[in-house]
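Right, one structure below, let's go through it.
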Number of protein chains: 2
Amino acid sequence: MATLKQVAAHAEVSVQTVSNALNAPHRLRPDTLERVTRSIELLNYRPNRNARSLRTSAVELIGYCVPSWPDGQAHLVMDQFLHALCTAAENTGRHILLFTAPTGLDGMPVYDDLHARRLVDGFVLSQTETHDPRHGWLKEQRIPFVSFGRVWQQTTQPGPYVDVDGASGCATATRHLAETGRRRIGFLGWPRTSGLAEDRLSGWRRACQQLGLPTDGLAVHCPEDTLDAGADATAELLDATEPVDGIVALSDVLALGALRELARRGLTAGTDVGLTGFDDSPLASVVSPALTSLRQPMDRIATALIAILTATPGDGAEPAAPADRLLQPELVIRGSSAPG
Amino acid sequence: MATLKQVAAHAEVSVQTVSNALNAPHRLRPDTLERVTRSIELLNYRPNRNARSLRTSAVELIGYCVPSWPDGQAHLVMDQFLHALCTAAENTGRHILLFTAPTGLDGMPVYDDLHARRLVDGFVLSQTETHDPRHGWLKEQRIPFVSFGRVWQQTTQPGPYVDVDGASGCATATRHLAETGRRRIGFLGWPRTSGLAEDRLSGWRRACQQLGLPTDGLAVHCPEDTLDAGADATAELLDATEPVDGIVALSDVLALGALRELARRGLTAGTDVGLTGFDDSPLASVVSPALTSLRQPMDRIATALIAILTATPGDGAEPAAPADRLLQPELVIRGSSAPG
DNA sequence: CTGAAAGCGCTTACAG
DNA sequence: CTGAAAGCGCTTACAG
């Protein structure tokens, strides 16, 4: 492995000049730059990142805690997110360092340690929970971070974030069902203690109200995000005196539960009942009829996360406008919401 | 941030002694160690990893290329694999660095660069293709790596690997179907140019022969790993003069295609036809009936990968026996193979 | 068992 | 525009 010194000797300049050729080429005279560049290529020189990091105390590495899930509950769009995050990081010359940590406050010593030992410059948080305690802790420790997802605090969000506009997404899905002729559209949600659930619910309610459609008794709060819960809630909506003809589900899993319950009753999604999910997970295109779902714009999310995390205070690209932090999901229309 | 120097001053010893307290505590007198340890804790000292890496030229980081998939084709068990890999790496004091690269030989400059700049010590390869060119290239460059998956070369495997015993797994699945009363068991595979497909096919064939069951005309090679391909192949097996009553599918996706085709014909998996998949992906437990599938032992795979990659030549833990490199998948039995 | 010193490979004021 | 020198925070032979 060639070093800076060897390149300098080969090009007959000082090491400082070689360093400049790499990091501030405009400081060199064109002919010097040319000569140094040739030596660099000839010797196949690559700067040692550890030496650089030691000097600059920036490692260009971003920590991401790989979520663990209770048995079977896979994170269905994680590979999309990770790929997007990786690409966005690489576009700024950085990389993602993966680690595991206990959930909640118990995991914070791990974050602290990675930062203190200078394995990472900062963190991207995801799997953000309602009232997630990590954000406040990191902020207090002055450890750089950015969150995918809001903590849904009453007060202000502790630290920067990017999120998907779930309310707007569910409103879009609701309007879509209305446009395909549905007049009684139910909502499959989670318990109201979840900020995310509340947000998506509000979008459905707002759209219904604007369209003059009923909402009373049409929102069911599933105790957990499982097929069974989704199926049970769907049964409830179908057994009502006035059954629904459309269902906006807060997640693909709940929507799949709805799909199962419909099939069990001999009903067809898309024909008898319009149905939409959320996340556009791999499950959505696998079922039959395929599931209409709201896709999170992972590339834009990742780019925004990295941009915020790596923004140097005072470079003008300061506090992103709220609109930049709340990205719109895209409705991917499939058979489950075909015109009835 | 406290440095070694500051800790040394506080404990009234040399920096060398503090370093030893951390890396070779047995060299210190107990009372010295005690005093130094107290200073370390008091000052909340954490060794700077960059300085250490610069000196030792080992970064304790392992590169993993996050796969990108053509639209929709998600890597359904990637989150399981990544979590296991992360945990295994952390158990040896290491971490995973994520990166993206073009597939095949085109990506090798990225690997080379990460290694040359000392961002990683080596690589874990997955998504190993039949005749994967990466292995030979890395070996030639003397860049440390270990592969999840075999390259299926005629000659010897270039470099160390860990893999799942697909042949044995499919034999197990076949015997399982036979035990539940199936007598005519088909196989849903991929084209025979795939080493992995050939391996799994051989397990099915071997088991059928041992059980005295027919195999002639019962293996279908699906052109691609999609639901449609699986459904078409299943139709072929069911439309034969003597239709099958059992199906071993090489992947969960193909099995899901089979499930769809069965349902379309009013047949029920588990009752009319026994069916198994491979991977135990999140899809398996979501469909109805749920899919019996072969689960890859991710924790053991990851542990073996890291152990092989980080084995220092000459520490006795040398060449793993073939048995340690070929792990057995576990048959997770669900409704699709319920006794008929 | 403990310490003084060199050095890993860079970057960065500071001179010239 | 270019160079000599200091220093980032560690570890590692080498003495004592």
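Throughout, protein chains are lettered first and strands after them, A, B, ... in sequence-line order, and every chain is numbered starting at 1.
- Scanning DNA chain C for stems, defined as runs of 3 or more consecutive Watson-Crick or G-U wobble pairs whose donor-acceptor distances all fall under 3.5 Å, gives the following ranges: C:1-3 with D:14-16, C:5-12 with D:5-12, C:14-16 with D:1-3.
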| task | Give the intermediate values and the outcome of salt bridge (charged side-chain N to carboxylate O under 4.0 Å, His left out) for residues B/Arg94 and B/Glu90. | result | CA-CA 5 Å; B/Arg94 294 174 174 79; B/Glu90 287 170 1; over 6 Å; no
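- Distance alone, capped at 3.5 Å, is enough to place a donor-acceptor pair between the A/Arg150 side chain and the A/Val164 backbone.
- For the pair A/Leu4 CG and D/dA4 C1', the interatomic distance rounds to 14 Å; values are reported in whole Å.
- In this structure, the ring of A/Tyr64 has its center no less than 6.0 angstrom from the ring center of A/Phe123.
- In this structure B/Thr56 satisfies the side chain to side chain donor-acceptor pair (under 3.5 Å) test with no other residue, sequence neighbours excluded.
- Atom CG of A/Leu105 and atom CZ of A/Arg134 lie 10.5 Å apart (nearest 0.5 Å).
- For the residue pair B/Thr92 and B/Thr310, no side-chain donor N or O sits within less than 3.5 Å of a side-chain acceptor on the partner.
- The stretch residues 33-59 of chain A touches DNA chain D through A/Leu54, A/Arg55, each having a heavy atom under 4.0 angstrom from the strand.
- For the residue pair B/Arg27/B/Gln16, the side-chain donor-acceptor check at 3.5 Å is not satisfied.
- Under the side chain to side chain donor-acceptor pair (under 3.5 Å) criterion, A/Asn44 pairs with A/Arg46, sequence neighbours left out.
- Mapped onto DNA chain C by nearest heavy atom, B/Val13 and A/Met1 fall at different nucleotides, with B/Val13 at the one closer to the 5' end.
- Taking atom NZ of residue A/Lys5 and atom P of nucleotide D/dA5, one finds them 13 Å apart after rounding to whole Å.
- Residues passing the ring pair (Phe, Tyr, Trp, His ring centres under 6.0 Å) test with A/His135 are A/Phe145, sequence neighbours excluded.
- Of the charged side-chain nitrogens involved, none lies within less than 4.0 Å of a carboxylate oxygen, so that A/Asp31 and A/Arg35 do not count as a salt-bridged pair.
- Remark: A/Gln16, A/Ser19, A/Asn23 in residues 15-32 of chain A come within less than 4.0 Å of DNA chain C through at least one heavy atom.
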